[in-house]
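Have a look at the structure below, then the notes.
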4 protein chains.
Amino acid sequence: MSVGDTEKSTSDRGRLDKRRAIVEAALRVFARVGYAQASLDMIAAEAGVAKPTIYNHLGSKENLFRHVMTETAARANGKTMEVLESFPVEADGLRPGLEDVAGKLVACYTDEQSQAVRRLLYAEAVRFPDLFDQVRASGPDQFIEALAGRLARLANAGHLRIEDPVRAANQFIALVYEELPTLSTFGSRPLDSRDAEKVAVAGVDTFLRAFGSSGGS
Amino acid sequence: MSVGDTEKSTSDRGRLDKRRAIVEAALRVFARVGYAQASLDMIAAEAGVAKPTIYNHLGSKENLFRHVMTETAARANGKTMEVLESFPVEADGLRPGLEDVAGKLVACYTDEQSQAVRRLLYAEAVRFPDLFDQVRASGPDQFIEALAGRLARLANAGHLRIEDPVRAANQFIALVYEELPTLSTFGSRPLDSRDAEKVAVAGVDTFLRAFGSSGGS
Amino acid sequence: MSVGDTEKSTSDRGRLDKRRAIVEAALRVFARVGYAQASLDMIAAEAGVAKPTIYNHLGSKENLFRHVMTETAARANGKTMEVLESFPVEADGLRPGLEDVAGKLVACYTDEQSQAVRRLLYAEAVRFPDLFDQVRASGPDQFIEALAGRLARLANAGHLRIEDPVRAANQFIALVYEELPTLSTFGSRPLDSRDAEKVAVAGVDTFLRAFGSSGGS
Amino acid sequence: MSVGDTEKSTSDRGRLDKRRAIVEAALRVFARVGYAQASLDMIAAEAGVAKPTIYNHLGSKENLFRHVMTETAARANGKTMEVLESFPVEADGLRPGLEDVAGKLVACYTDEQSQAVRRLLYAEAVRFPDLFDQVRASGPDQFIEALAGRLARLANAGHLRIEDPVRAANQFIALVYEELPTLSTFGSRPLDSRDAEKVAVAGVDTFLRAFGSSGGS
DNA sequence: TATGAATGAGTCTTCATTCAT
DNA sequence: GATGAATGAAGACTCATTCAT
């Protein structure tokens, strides 16, 4: 009467699909109107499920929010960490390499979901301080650490003049992101990607003027 | 008990006092729990007035929020602009001058009300985009412009090597503020002022390494 | 423009009327469908007020229930205590006196509101044990004590042979009320008052057979 | 693993066990939180079955409640009727015989399940009046009838002076149970068995004072 | 003008009940 | 027959806003 495990996997797929639909819909709604203003009615409608289904899967509005935030942040953080794989390791092509990395980081930063999570985290920092810490520890903190490592390696090889790599890493991203928040009204507006590109290139330029071993190359 | 305009001025004083009390109470409540979660009951209680009095004075919750934001932002921006009056204009004492300015800017940035406004503006950027623009135009944009002017003057005098003063101004504050938001969890936590000081000094250092006419000092 | 205190009293009257209407409506609804099944919508409709008005006056469903119970019980207890004022104090007319008291007690017991409170208290004894205690202490306990006093006085005068007046008081009302709960399905059904009367008279008869100083009078 | 009717009987046993588990769990839950507050989730969890299984076996919440009440009441009534088997039939040992019966009745009355059913029946008398009638007819009414018969026999033999045996039967249990409901807060609290014993003995004493042929023996 | 009281709309959450497997 | 998942309906409670005084 049935085809066996295919059927079961179909059912499981249905379950997971529904959960996924809820979480994604919730992210969209939260991003659109904020945590407090988002009603479970909106989210249920957006996800195409009944309201109690959300409770069956996620338990409560607060829990739903936490899941949405951590899962989306994890995805975004993963993409950001991948960028470091193309980080330059030699003096040869240092500037274009850094520009490439900076461009990719800007792309990650301005990714729609990434902006949404960041804005929501900021907005609800008072209500969910622990969530803020958790996301930061598992994301930005690790990223800064990794970036500092790459910079230190370049410094050791004499390609950069850096005393405090962690601080330099922080300054690198400060320069690269610079006015992104302002340009996009904290992510609530689309942002011209050429503007962002220019900012990134300028940030790399200043970074190399400050830390390049021979005034940049 | 008294007559004539004295009475009227007394009553006017009372009215203004009441309005002021409402706005200040509203800022505290909004900062504590956010816009959506703040109820007019809380605000009325905190201000020591009856709920309808808020409507008499400010009209609606949204309007109250707008007034609170713009008035508080204006006060904060005023203080920030004053900092520029001590901006150095000569090569002599350039580094300590910039460090002094950076320290004062950090103090302004980390001022409690200032953080509260910034956080609320961020949090409600989607719901009140016009408010965001208005505050930015009357504050940060003017500040950047003024800062760029000071930097251009220093560059013209040969004390700094700067091509694009506006960009340099943005980078200056990016370097100075750097990780302030992270350190204070976007303003929801007190922040060690010595840490902030160190960040500011390091930011100035990097800025001068990049833009100093002779490698700094 | 106004007639002075009349106007104010009118407004106060309106307030109190509204509160009274809520409490009375709540008693009716609770009695009709029980605590858990009673919705504030029903109560608000029955009282002719808006739902939040109930919250303004009474705070919560639980609190409303407590007020309804204690206020109604106090009224019922008051009436019951008044019955004792006609309690016989002499051997002359002892039996008719006791029968009169018994009849009045049955009337109090079978009073609609009284039955409703008793049934609700029983029904919700698990959820509101403290309420149960409070009502019992301020009502039945005091009544038994007072009744025991009257019986003791009769015993001292030699009109009754009673060793333990409190026990005798309990047995008196046990005999008088006897099968009232069963007859009225615990108060959920009207009860034939002649049946009740007979039970009361028979109860007095048995009581006097047991405690009368000369086999009854 | 096995075949034929063994398998079927095993499965039947399982089904009946499951049904029994559901009914017993339901009684516990209903007793603990009342009818309206008891959710099928609680009951399913307490019974260790899935929610739809309850529907397969009992059909609906209301039906489940009816079954639980009637089955438990039948069990309790059976035990109560058994007590009458030891009812004294001679003048010799009348008082101790009645005291023995009274004690056993109190034990039945204060049995945990018995109290739970009584309380639930009282609590839901308005919602389930027919259930109340059904249980009363099959239980208390028959018991009173049987008790009246025993008393009549004793009266006929000259051991008691009773005109209306049914009334005397009702008064007997009224005196014996007397303040049990109050002592145990209508069964929602454990009750000191020595207190109950004393009440029973005192009830028998009064009963014999009233109806004993020679002042009791 | 300032306020106590009232309310209509909307929020989160729970529950009895039913499908699909 | 037993179950995990889904849902429509309903409930307690809150809030921004408006009258009447």
Side-chain angles (χ1 to χ4, degrees), chain A residues 1-2 7-8 10-12 14-16 18-19 22 36-44 48-57 59-64, chain B residues 11-12 14-15 18-19 22 36-44 48-57 59-64, chain C residues 1-2 7-8 10-12 14-16 18-19 22 36-44 48-64, chain D residues 11-12 14-15 18-19 36-44 48-57 59-64:
Chain A
M1 216 174 231
S2 62
E7 191 165 90
K8 196 183 171 211
T10 296
S11 139
D12 277 4
R15 294 286 149 67
L16 293 179
K18 213 142 239 180
R19 198 202 126 103
I22 291 170
Q37 232 54 19
S39 82
L40 289 191
D41 275 315
M42 295 182 205
I43 296 174
V49 301
K51 226 188 317 181
T53 304
I54 300 179
Y55 283 87
N56 287 343
H57 280 278
S60 75
K61 188 184 182 184
E62 175 171 334
N63 210 268
L64 170 60
Chain B
S11 120
D12 277 5
R15 317 223 59 240
K18 216 146 239 184
R19 196 202 127 104
I22 291 171
Q37 232 55 16
S39 80
L40 288 192
D41 276 312
M42 295 184 207
I43 296 173
V49 302
K51 232 187 314 181
T53 305
I54 300 179
Y55 284 87
N56 288 341
H57 280 279
S60 75
K61 188 184 182 183
E62 177 172 332
N63 211 279
L64 170 61
Chain C
M1 214 175 236
S2 62
E7 190 165 274
K8 197 185 171 209
T10 297
S11 137
D12 278 3
R15 291 288 146 66
L16 292 180
K18 214 144 237 178
R19 199 203 126 103
I22 291 171
Q37 232 54 18
S39 81
L40 289 190
D41 277 314
M42 296 182 205
I43 296 173
V49 301
K51 222 185 323 179
T53 304
I54 300 179
Y55 283 88
N56 287 342
H57 279 278
L58 278 314
S60 74
K61 187 184 182 183
E62 175 172 334
N63 211 269
L64 170 60
Chain D
S11 117
D12 276 4
R15 315 224 60 240
K18 216 146 238 183
R19 198 201 124 102
Q37 232 56 16
S39 80
L40 289 193
D41 275 312
M42 293 183 209
I43 296 173
V49 303
K51 233 187 314 182
T53 304
I54 300 180
Y55 283 86
N56 289 340
H57 280 278
S60 75
K61 188 185 182 183
E62 177 173 332
N63 211 278
L64 170 61

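All values below were derived from every heavy atom in this structure, side-chain atoms included, with hydrogens, water molecules and symmetry-related copies excluded. The chains referred to below are lettered A, B, ... by the order of the sequence lines, with proteins before strands, and numbering in each begins at 1. Remember, it's a predicted structure, so these values are computed and weren't measured experimentally.
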Inset, instruction - Specify the separation, in whole Å, of atom CD1 of C/I43 and atom C1' of F/dA10. - result: 15 Å
Inset, instruction - Starting at CG of A/N63, measure out to OH of A/Y55 and round the result to the nearest 0.5 Å. - result: 11.0 Å
Inset, instruction - For B/L40 and F/dA16, give me the distance from atom CG to atom P, rounded to whole Å. - result: 5 Å
Legend entry - Spacing of D/L64 atom CG relative to E/dC15 atom P, expressed in whole Å: 15 Å
Legend entry - Rounded distance in Å - OH (A/Y55) to P (E/dA16): 17 Å
Inset, instruction - Please check the phosphate of F/dA2 (OP1 and OP2 only) for any side-chain N or O of D/H57 closer than 4.0 Å. - result: yes
Legend entry - Options E/dA2, F/dG11, F/dA16, nucleotide nearest the side-chain atoms of B/N56: E/dA2
Legend entry - B/T53 side-chain N/O to E/dT3 phosphate OP1/OP2 under 4.0 Å: yes
Legend entry - C/R19 side, atom CZ; C/L58 side, atom CG - distance, nearest 0.5 Å: 5.5 Å
Inset, instruction - Side chain of A/A50 only, please: which of F/dT7, F/dG4, E/dT7 is the nearest? - result: F/dT7
Can you give each donor-acceptor pair under 3.5 Å made by side-chain atoms of residues 36-43 of chain A, sequence neighbours left out, with the distance rounded to 0.1 Å?
from  : atom 1 : to    : atom 2 : distance (Å)
A/S39 : OG     : A/D41 : N      : 3.3
A/S39 : OG     : A/M42 : N      : 3.1
A/D41 : OD1    : A/K51 : NZ     : 3.3

Inset, instruction - Enter the distance from D/K18:NZ to D/N56:CG here, rounded to the nearest 0.5 Å. - result: 10.5 Å
Legend entry - Stems involving DNA chain F, each a run of at least 3 consecutive Watson-Crick or G-U pairs under 3.5 Å: E:2-21 with F:2-21
Inset, instruction - With DNA chain F as reference, determine whether B/K61 or D/P52 sits nearer its 5' end, using the nearest nucleotide of each. - result: D/P52
Inset, instruction - Confirm from the modelled atom types if A/K51 and E/dT13 form a donor-acceptor pair under 3.5 Å, side chain to base only. - result: yes
Legend entry - 5′-ward residue of the pair C/Q37/A/G48 relative to DNA chain F: A/G48
Legend entry - Length of the line joining C/D41:CG and E/dG8:C1', which is rounded to integer Å: 12 Å
Legend entry - Selected nucleotide, minimal atom distance to A/K18 side chain, candidates F/dA6, F/dT17, E/dA16: F/dA6
Inset, instruction - Using the closest heavy atom to pick a nucleotide of DNA chain E for each, name whichever of A/E62 or D/A38 lands nearer the 5' end. - result: A/E62
Legend entry - Selected nucleotide, minimal atom distance to A/V49 side chain, candidates F/dT7, F/dG4, E/dG8: F/dT7
Inset, instruction - Let me know the distance between CG of D/N63 and P of E/dT17, rounded to the nearest Å. - result: 10 Å
Inset, instruction - Would you mind reading off the distance between C/R19 atom CZ and E/dG4 atom C1', rounded to a whole angstrom? - result: 16 Å
